Amino acid sequence: MNITPVPGACGAEITGIDLSKDMSDAIVADIRDAFVEYHVLFFRDQSLDPAQQVAFGECFGELEDYPFVAPLPGHPKIIPVIKEPDEKTNFGGGWHTDLIYRETPPMGTMLYAVETPTRGGDTLFANGIRAFEALSPRMQTLLESLDVEYNVRNILQTIADRDNASSQGNRSMEGTSDEGVLNETPVHPLIRTHPESGRKGIYFSRGHTVRFDGMTTGESRPLLDWIQQHMTQPALTTRFHWEPGSLAFWDNRCLNHYALNDYHGERRYMHRLTIAGDKPR
Ligand code: SIN
C-alpha cells in the first residue's frame, strides 16, 4: 500500500490496495493513521458492490442511518446520491460537514463513484485545522470561546426553494419523516479538538447554523459569514476528480466539503455511507 499526499490543503491518495478484499488489522490501522494525518483519503480503480463497501466502512466504526434519503434496497446503511441528466440541483452542493445538526455527528463519510459525468462533478474539501492555525492568536482565542447552535430545517428550506420537482433535493425532502431530527438543535463548540490527533480546528457548517449560542441571529451572521469565507479560501482546499470506481473517505470532524454541480445533462451516481462519531468537544 502506498500513501501519496495530493496537492492542496488536505488529502492523500492510497494505491496498491483492493478494498473489496478482507483487511488485516495492520492495514486498517495504517489507513486510519493516514486518515487522521491527511483528513481525506482517495482510492481509485476499485470495484465495490454495496456489501463490500459496507464491510470496508465497518472497519472504521459503526455505520449510521441517514434520515433524509431512502437507502439502497437491502442495504440500509448506503444511500444513493444521484443527479439525473434532466435535473438541475444536486445533493451536497454547498460547503458543509455532514450531519452537524445531530447531537452526535458522524466521524466520517465514504463515497463511492458508480457512474460519473464525462467531465465535472468534482468534490472540494476545506481543511478546518489549517483554517484555525492560519488565524491570529487573538482571533483563535475569540473563536475558542464560541459555541454554535445548529438545525437542519434551514438547509432543507433552501433546497426546497431552489429545487424543481424531480431533483435529488426533493427526493431528500420526501424522506423527512423523522420529526426528532428536524427538531434537534444541538450546540457544538466552534473550535473542536480532534479526538484522535488532539489538533484544534474550525468545526462548522454555515448552511446548518442557527446562531452563536447566547447571541441573536443578526449578531451572529457577520462572523458566521466571515468564518465561512476564511475556511473555504482556495489555499485551504483540495479538489478531487471522480472516475467510476473512485472512493473518497473523509473526516467530518475537521473538513467541509462541496459537491460541484457543473455537469448538467449527464448522470452522476454514487453510494454513500457514514460512520458514527462522538460528541464534539
Ligand atoms: C455529500 O455531500 O455527501 C456528497 C458529496 C458529493 O456527492 O460529492
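None of these values were measured; they are calculated from a predicted model. In what follows, residues are counted from 1 in the order of the sequence shown. Whatever order the structure lists ligands and atoms in, that order sets their numbers, starting from 1.
- Arg102 has a carboxylate O that lies under 4.0 Å from a charged side-chain N of Glu184, or vice versa, which qualifies the two as a salt bridge.
- Ionic pairing of Glu64 and Lys77 is not present here: no N-O contact between side-chain nitrogen and carboxylate oxygen is shorter than 4.0 angstrom.
- Atoms of ligand 1 lying under 4.0 Å from at least one heavy atom of Gly92, given by number and element, are 2 (O).
- Checked by atom type and distance alone, the side chain of Glu103 never pairs as donor or acceptor with a backbone atom of Thr185 at under 3.5 Å.
- Looking at His264 and Asp86, their side chains never bring a donor and an acceptor atom within 3.5 Å of each other.
- The main-chain N or O of Ser197 is found under 3.5 Å from a side-chain atom of His194 such that the two form a donor-acceptor pair.
- Looking at atom 4 (C) of ligand 1, its nearest protein heavy atom turns out to be Phe91 CD2, 3.9 Å.
- Asp251 and His39 form no side-chain donor-acceptor contact under 3.5 Å, judged by distance and modelled atom types alone.
- Under the 4.0 angstrom criterion for non-hydrogen atoms, Trp250 is in contact with ligand 1.
- Against a heavy-atom cut-off of under 4.0 Å, His96 is close to the following atoms of ligand 1: 2 (O).
- Judged by a 6.0 Å distance limit and a 45° cone about the ring axis, Arg272 is positioned over the six-membered ring of Tyr66.
- Judged by the shortest distance from any of its heavy atoms, Thr109 lies outside the 4.0 Å radius around the atoms of ligand 1.
- Look at Met270 and you'll find every heavy atom at least 4.0 Å from all atoms of ligand 1.
- From the protein, the heavy atom lying nearest to atom 7 (O) of ligand 1 is Arg268 NH1, 2.8 Å.
- The atoms of ligand 1 that sit less than 4.0 Å from any heavy atom of Leu111 are 5 (C), 6 (C), 7 (O), 8 (O).
- The closest side-chain donor-acceptor pair between Lys83 and Asn261 falls under 3.5 angstrom.
- Considering only non-hydrogen protein atoms, atom 1 (C) of ligand 1 sits nearest to His257 NE2, 3.5 Å.
- Remark: minimum distance from atom 3 (O) of ligand 1 to any protein heavy atom is reached at Arg272 NE, 2.8 Å.
- Protein heavy atom at the shortest distance from atom 8 (O) of ligand 1 is Thr123 OG1, 2.6 Å.
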